[in-house]
Protein chains: 2
Amino acid sequence: MLRVNKKIEYGIIALLYLAQKEEQTASVREMAVSCSIPEALLSKIMQTMKSKGFVQPVYGNQGGYKLTRSLTDINLLEITQTFQGPIQVAECLSSENHKCPAKALCTIISPMTVLNQKIVTLFESTSLENLANRKTAI
Amino acid sequence: MLRVNKKIEYGIIALLYLAQKEEQTASVREMAVSCSIPEALLSKIMQTMKSKGFVQPVYGNQGGYKLTRSLTDINLLEITQTFQGPIQVAECLSSENHKCPAKALCTIISPMTVLNQKIVTLFESTSLENLANRKTAI
DNA sequence: TCTTATAAGACTAATCTAGTCCAATAACTT
DNA sequence: AAGTTATTGGACTAGATTAGTCTTATAAGA
Ligand code: SF4
Ligand code: SF4
């Protein structure tokens, strides 16, 4: 399936929503209702995005979150890495390479690495601004 | 993570192995040992590949499987579809669109569709021959 | 008939996903 | 100061997927 998970999608939708509100804050409830996203889940997602510096919280009444970065500055790779870890089309690629039994004799590590890089590049070069305008960069 | 599953990888490795044996058959055991792939699992994988017409079984002593198609003719998309279903970077894309709560108001279906198509094209235009030569086509 | 294979099905443990629920804390309003 | 609105952080869950295993049946050459 090669799916991006829901946190990534909901996270992006929320960031696009915030961008459209410009400097104003939007509460989790407002975003959840406006975008039909489960509120408790979106709350978790926003916490993660806060910790990564995409948004800034505002406590108390009339509080919520606001964007701290421009959409043109945030790319899809950062978001997916935040919620799904590094893109690795095969488990042995990148960082700790687990325990694939076929590794020693594997004939496809090298092409898988190339394929992986293609996908990484595609994600990296697609900003949220690109997404908002319904296009990918490459 | 965006990972391709093990069946896909093991399946490709097995097909490359068969190709290298040219017209000869190779048994599941031989392939499993030669490639360090769990035998019972590879057996399952080969059954699926037989049902999709990638290989042909030969029963009995000295039996095994042989390739029925050229590596240049098999692309990565077919293999992934065989073992992981259609590529859909978001669950709502393609065929039966499940039940995403955000669907009615979703701001990213359209760009996700474009992104999905990019990945499909990348997979589709990469033949196993390309993989064996350590490159992707696009 | 024996042996070597594939065929097919049921079964499993571990992991990931998409959530929920609850108690705590921060800060604005009145 | 109290009440209200919000974020925070933790634990918890059902269901799906993954990566296997095991067992029995069947095909066919020697
Ligand atoms: S070693 Fe080969 S089969 Fe194993 S995860 Fe890496 S690329 Fe895939
Ligand atoms: S969030 Fe949007 S793109 Fe993702 S599955 Fe739901 S409707 Fe489709």
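Residue numbering restarts at 1 for every chain, and letters A, B, ... go by the order of the sequence lines.
Residue B:Glu39 is classed as having no contact, given no heavy-atom separation below 4.0 Å to the nucleic acid. Across all strands shown, B:Ser43 has no heavy atoms under 4.0 Å from either base or sugar-phosphate atoms. Residue B:Tyr10 is in sugar-phosphate contact alone, with no base atom involved, counting any heavy-atom pair closer than 4.0 Å across all strands shown. Nucleic acid contact class of B:Lys44 (heavy atoms, under 4.0 Å, all strands): base. Within 4.0 Å (heavy atoms only), A:Glu9 reaches no atom of the nucleic acid at all.
For A:Asn5, counting side-chain heavy atoms from C-beta on, the closest listed nucleotide (C:dA18, C:dT6, D:dC22) is C:dA18. For B:Val28, the side-chain atoms get nearest to C:dT6 when compared with the rest of C:dT6, D:dT7, C:dG19. Residue B:Lys50 places its side chain closer to C:dA8 than to any other of C:dG19, C:dA8, D:dA19. You'll find that the side chain of A:Asn61 is closest to C:dT29, out of D:dG9, C:dT29, C:dA7. For A:Gln47, the listed nucleotide lying nearest its side chain is D:dT8; candidates were C:dA18, D:dG20, D:dT8.
To the nearest angstrom, P of D:dT17 lies 14 Å from CD1 of B:Ile8. The CE-P distance, from B:Met1 to C:dA18, rounds to 14 Å in whole Å. Rounded to whole angstrom, the span from the CD atom of B:Gln88 across to the C1' atom of D:dA16 amounts to 14 Å. Rounding to whole angstrom units, CG of residue A:Leu42 and C1' of C:dA18 are separated by 13 Å. Note: CZ (A:Arg29) to P (D:dT4) measures 14 Å, nearest angstrom. Rounded to whole angstrom, the span from the CD atom of B:Glu91 across to the P atom of D:dG15 amounts to 17 Å. Rounded to an integer number of Å, the gap from B:Lys99 NZ to D:dA16 C1' is 9 Å. In this structure, A:Gln56 places its CD atom 15 Å from C1' of C:dA26, rounding to the nearest Å.
Two residues, B:Tyr65 and B:Pro101, neighbour DNA chain C, and the one matched to the more 5' nucleotide by heavy-atom proximity is B:Tyr65. Each of A:Gly60 and B:Gln62 has a nearest nucleotide on DNA chain D; the 5'-most of these lies closest to A:Gly60.
Under the side chain to side chain contact (heavy atoms under 4.5 Å, CB included) test applied with A:Lys118, the options A:Asn116, A:Val114, A:Leu122 reduce to a single match, A:Val114.
Remark: A:Gln84 is in phosphate contact with C:dT17, judged by side-chain N or O atoms under 4.0 Å from OP1 or OP2. Contact annotation: B:Tyr59 does not reach the phosphate of D:dA25 (side-chain N/O to OP1 or OP2, under 4.0 Å). Look at B:Arg3 and you'll find a side-chain N or O under 4.0 angstrom from OP1 or OP2 of D:dA19.
For the atom pair OG1 (A:Thr25) and CD (A:Glu30), the distance works out to 7.5 Å, reported to the nearest 0.5 Å. Taking CG of B:Asn133 as the start and CG of B:Leu128 as the end, the distance is 11.0 Å to the nearest 0.5 Å.
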Verdict with supporting geometry, A:Ser51 and A:Gln47, side chain to side chain donor-acceptor pair (under 3.5 Å): CA-CA 6 Å; A:Ser51 78; A:Gln47 283 172 42; over 6 Å; no

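We find that A:Glu78 and A:Lys52 are not joined by a salt bridge, their nearest charged nitrogen and carboxylate oxygen being 4.0 Å or further apart.
With A:Glu9 contributing its side chain and B:Ile109 its backbone, the two residues share no donor-acceptor pair below 3.5 Å.
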